[in-house]
Amino acid sequence: MPIVFSNGQINALTLATDKPGGFSTTDLGRIYEISPILSKLFEVHATQKMSSSLLQTYLGRETGERVLQGLIKRGDSEELSAVIWFCDLRQSTMLAESMNREKFIATLNQFFECMVRPILEYGGEVLQFIGDSVVAIFPKQETDPSFQVACEEALDAAIAADERVNEWNNDRKVDELPPIGFGIGLHVGTFTYGNIGIAERLEFTVIGSVANEGARIEGMTKELQQIILTSEEFANNCPGRLQPLGEFSLRGVESDQKLFGVK
């Protein structure tokens with residue numbers, strides 16, 4: 001039977017019965033009479049499911065859930081303890097100038113596939129795509145008194161992302177294309193996670209010194225010729241897996257910071 005939504009969309013309702021002889025004319029009449037009520041009920045559930053799916057797709061799982069729960073006012077925020085991940089595609093301007101728009105978009109999406117798939121597989125969540133960059137978080141586990149689980153998962157995701165890009169670059173080499181370069185910066189701490197903007201256009205994002213320092217660490221990957229760089233706070237939660245590279249001045253950060261790379 002047709003189930004019509006308020007926007008004119010026609011859906012189908014299929015019914016079956018184990019009653020001997022099947023549906024009677026009276027049965028079908030009753031179903032027909034209540035179909036407008038069923039349409040409204042189904043439309044509410046369909047709209048809610050679609051809204052949830054859209055919010056998770058465009059905002060991420062945790063952020064989408066917060067918006068559904070009503071955190072939609074400017075200034076709505078909370079403190080979040082997590083690993084913060086920044087990654088950036090190198091020489092994207094040169095890539096954009098060397099190919100047409102369709103090929104560049106395809107290249108950018110493949111880069112995001114290499115970065116984001118490991119983030120999701122290891123329990124992280126993407127907060128933002130900023131041009132050719134990705135901002136993600138790995139929340140601290142309630143059962144973990146330290147940040148060790150979140151840091152281990154983030155580092156595993158970063159290594160997996162590097163491996164995927166290496167495989168992709170092997171394919172690009174066969175096609176006589178230049179290799180893709182990138183950098184990942186990892187930091188850990190507590191920062192503000194919430195709504196900023198104006199009443200008509202809000203965005204969930206991370207705010208605070210931890211987020212700023214994470215971005216600066218990623219910015220040092222090119223200077224130090226490292227794929228993955230972490231802060232000392234992050235390295236302390238991954239014993240034996242990272243090596244010190246020295247102390248460096250980060251733009252906008254008052255004191256020099258110890259940075260670590262993968263062994």
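Keep in mind that the numbers below use all heavy atoms, side chains included, and drop hydrogens, waters and symmetry copies.
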*Under 4.5 Å between any side-chain heavy atoms of Phe147 and Asn236, yes or no?*
no
_Could you check whether any side-chain heavy atom of Leu155 comes within less than 4.5 Å of a side-chain heavy atom of Asn237, counting everything from C-beta outward?_
no
_Within the 4.5 Å heavy-atom criterion, are Ser6 and Glu43 side-chain neighbours or not?_
yes
*Inter-residue atom distance Glu167.CD - Asp162.CG, 0.5 Å rounding*: 10.5 Å
_What's the separation between atom CE in Met99 and atom CE in Met94, rounded to the nearest 0.5 Å?_
8.5 Å
*Partners meeting side chain to side chain donor-acceptor pair (under 3.5 Å) with Ser39 (sequence neighbours left out)*: none
*Using a 4.5 Å cut-off on heavy atoms from C-beta on, say whether the side chain of His187 contacts that of Phe86.*
no
_Close side-chain approach of Val165 to Phe182, heavy-atom, < 4.5 Å_ = yes
*Under 3.5 Å, side chain of Asn100 to main-chain N/O of Glu102, donor-acceptor pair present?*
yes
If you look only at distance, which donor and acceptor atoms sit under 3.5 Å apart when one is on a side chain in residues 127-137 and the other is two or more places apart or in another chain?
| unit_1 | atom_1 | unit_2 | atom_2 | d |
| --- | --- | --- | --- | --- |
| Gln128 | OE1 | Thr205 | OG1 | 3.3 |
| Gln128 | NE2 | Glu203 | OE2 | 2.3 |
| Asp132 | OD2 | Ser92 | OG | 2.4 |
| Ser133 | OG | Asp88 | OD1 | 2.7 |

_Partner set under side chain to side chain donor-acceptor pair (under 3.5 Å) for Ser255, not counting sequence neighbours_ = Gln257
*Side-chain H-bond candidate by donor/acceptor type, Ser231 with Glu213, under 3.5 Å*: no
*Going from OG on Ser209 to CZ on Arg216, what distance comes out if it is rounded to the nearest 0.5 angstrom?*
12.0 Å
*What distance separates Leu259 CG from Leu250 CG, expressed to the nearest 0.5 Å?*
5.5 Å
_Distance in Å, Ile31 CD1 paired with Phe23 CZ, rounded so as to fall on 0.5 Å steps_ = 4.5 Å
*Side-chain contact, heavy-atom cut-off 4.5 Å: Lys173 with Asn169?*
no
*With side chains defined as the heavy atoms from C-beta onward, is the minimum distance between Met115 and Ile184 less than 4.5 Å?*
yes
*At what distance, to the nearest 0.5 angstrom, does CG of Leu95 lie from CD of Glu97?*
9.5 Å
*Asp156: what forms a side chain to side chain donor-acceptor pair (under 3.5 Å) with it, not counting sequence neighbours?*
Arg241
*Using the test side chain to side chain donor-acceptor pair (under 3.5 Å), find all partners of Lys19 that sit at least two apart in sequence or belong to another chain.*
Asp27
Please tabulate, for side-chain N and O atoms in residues 217-226, each donor-acceptor pair with protein atoms closer than 3.5 Å (sequence neighbours left out).
| unit_1 | atom_1 | unit_2 | atom_2 | d |
| --- | --- | --- | --- | --- |
| Thr221 | OG1 | Arg90 | NH2 | 3.1 |
| Thr221 | OG1 | Glu218 | O | 2.7 |

*asked:* Determine whether a donor-acceptor pair (N or O, by modelled atom type, separation under 3.5 Å) exists between the side chain of Glu233 and the backbone of Gly189.
replied: no
